[in-house]
Amino acid sequence: MQEFFSTIDAGTIEWSRAQFALTAIYHWLFVPLTLGLAVIMGIMETCYYRTKNVFWRDVAKFWQKLFGINFAMGVATGIILEFEFGTNWSNYSWFVGDIFGAPLAIEGIVAFFMESTFVAVMFFGWKKVSAGFHLAATWLTGLGATISAWWILVANAWMQNPVGCEFNPDTMRNEMVSFADVALSPFAVDKFCHTVISAWIIGAVFTVAVSGWYLMKRREIPLAKASMKIGAIVGIVAAMGAAITGHHSAFSVAQVQPMKLAAMEALYNGGTDQSLTGIALINPFEQPDYANLEEPELKIAAPYALSFLATNDLHGYVPGINDIIKGGYTNAKGEVEPSLEEKIERGQQAISALAAYRQTKKDGADEATLSSYLATLTSNMQYFGYGYIKSADQVVPFIPINFYAFRMMVGMGCLLILFFAVILFFVYRKDITRAPKWLYLSALAMIPLSYIASECGWLVAEFGRQPWTIQDMLPTWVSVSNIQSSSVMITFFIFLVLFSTLLAVELSILIKQIKKGPEYDKVESL
Amino acid sequence: MQHRSFFYRAYDLYRDGFRHMTIGKMLWLIVLVKLFLIFVVLKIFFFPNFLSQHAEKGEEAEYVATQLLNP
């Protein structure tokens, strides 16, 4: 085994990770705006349907046009991730087996048929179908995109919390034994709710920012005023919803990925009555000496808040990094957590049993011997990945990224609640059309900031689960294909150029259309 | 085809829609160029299926086992 891993170019792992991160981050620029604008344009058109006022139709058409540009630019960017699985992560792809196949196939079918059908009705059908059918098509376009997101997030949630499957030692693949467990695992539900609601925030911020720009330029006043109001209401509801679903997500993480939570919090040594760190001094470029430090320097924390976040109990026990390595505490399942040393030993037993099972089967040995190996494999399979671990450092994610990304996400979430509250104050108590210029400028600044917050959420989700591609079952260096790092590096830079170009084109088209403004009382606008 | 039939109306919806597109024409062009780059250039030249290149059909499990369990 060591011979094999020594032949893998260490750069391949890092370049493959970087390439996947680049693609996923780029893909995530389009998805949240699609999901968010779907809600905004749905509400606008519902206003038209209820009032029959053509103003609302023009407003809805304008936001649908911006939705369409973003939708078109985002089409198929996620497919590249699947290519990367097959080329760079072939061991992982095979090991995952059919678990990914089912959700991704459903996603593909739903995306193609539901979205493409209703998108066409939405853009082409203003004078071809009834107002009610058109409204339904608009909402179903958003629903289709949201259902697509569901299946992708189910696949991602399975990697973080592999449930509903059994490993088949003959095929070397995980096989789904319960579709419901995979599709409806609490981890997947929490991830879906938090991700989609946070996407609505992006749509709301975009709406408020574009409207703010119009108000600053003293043009499209009625559209901007109406859009500002709807955007801010959606935004504040979504931002508060993201806080609630964020709590549920953190609770889920504490249950199944305690190391991720410990890294997010830079919690070296845990215990009961744990406080939630507001800020602390951690070198952003270096892994802290968690084994010897009691806690980060200059820590300012909210008492009991981490215990509440992780256990729904102010006095609940939260394990720190060193506790997880040492084991011996009662975990979320009510069992005594094994030490890392025990997990490594059990992982090695699982790998040895699998190797012996396959060799023995080739040699034509009796069923009793095979059953014995199989029993050893099954009882230790949950720690399979630990068999590849050599030291404790390998199972601790890079703390600074998790720590700061989590704080940026939460901090921005709080700032957005305040921002939307101020907008609504001007909408309802003052005159939003005559608000100070700084408010409009701050709305524009919120676009990149809200995106940074959203991407930070993914950084926490993905950096926090390192070194695992499948939690506790497969580390990155085992998942990767035995290919040259130079080939991955080349495609990384091709993507960088391609993505940057496409992004520049999208921004250019979007800005041009925003500057052009809505087209009032016209038949078709896209 | 009956002009009131569902299929004609669906065809008419798409035909008129595509005919009257303004910015949509440019978006479609970008989408097609992007799909060509992704499915033809990237997939064929840069993202071959690693396992199908390194293992015979039906022998993928053996190949992955060798990779993961090679003593």
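Chain identifiers are assigned alphabetically (A, B, ...) following the order of the sequence lines, protein sequences preceding nucleic acid strands; residue numbering begins at 1 within each chain.
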Side chain A/K128, main chain B/R9, donor-acceptor under 3.5 Å: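 A pair under 3.5 Å: no.
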Measure distances from [X] to the heavy atoms of chain A and classify the residue's part below 4.5 Å as side chain, backbone, both or neither.
| X | value |
| --- | --- |
| B/K34 | side chain |
| B/L13 | both |
| B/L35 | side chain |

Contact between A/L502 and B/I30 at the side-chain level, heavy atoms closer than 4.5 Å - yes or no?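 Contact flag for A/L502/B/I30 side chains = yes.
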Got A/F124 and B/M21 here, is their nearest side-chain heavy-atom distance under 4.5 Å?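 When only atoms from C-beta onward are counted, B/M21 and A/F124 do touch, with a gap below 4.5 Å.
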Where is the tightest heavy-atom contact between [X] and [Y], given as atom of each residue plus distance?
| X | Y | result |
| --- | --- | --- |
| B/L68 | A/Y388 | O-OH, 3.4 Å |
| B/V31 | A/A72 | CG2-O, 3.5 Å |
| B/I38 | A/F83 | O-CE1, 3.3 Å |
| A/T117 | B/Y14 | CA-OH, 4.0 Å |

B/K25 atom NZ, neighbour heavy-atom count above 12 within 6.0 Å: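 Yes, NZ of B/K25 has more than 12 neighbouring heavy atoms, counting only those of other groups under 6.0 Å.
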Has A/E175 got more than 12 heavy atoms of other residues, nucleotides or ligands less than 6.0 Å from its CD?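 Enclosed.
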For a ring-ring contact (aromatic ring centres under 6.0 Å, His included) check, start with the C-alpha distance between B/F47 and A/F495, then their side-chain angles and the critical distance, and finish with the verdict. CA-CA 12 Å; B/F47 286 96; A/F495 283 171; 5.5 Å; yes
From [X] [atom1] over to [Y] [atom2], what is the distance, rounded to the nearest 0.5 angstrom?
| X | Y | atom1 | atom2 | result |
| --- | --- | --- | --- | --- |
| B/L27 | A/K65 | CG | NZ | 10.5 Å |
| B/L42 | A/E84 | CG | CD | 9.5 Å |
| A/L354 | B/L69 | CG | CG | 4.5 Å |
| B/E60 | A/M172 | CD | CE | 12.5 Å |
| A/I80 | B/K43 | CD1 | NZ | 12.0 Å |

Which bit of [X] is near chain B, if near means a heavy-atom gap under 4.5 Å: side chain, backbone, both or neither?
| X | value |
| --- | --- |
| A/K362 | side chain |
| A/N168 | neither |
| A/F85 | neither |
| A/F71 | neither |
| A/I79 | side chain |
| A/V488 | neither |
| A/E506 | neither |

Residues in residues 49-57 of chain B that sit under 4.5 Å from chain A, counting heavy atoms only: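 If one takes a 4.5 Å heavy-atom cut-off, the residues of residues 49-57 of chain B near chain A are B/N49, B/F50, B/L51.
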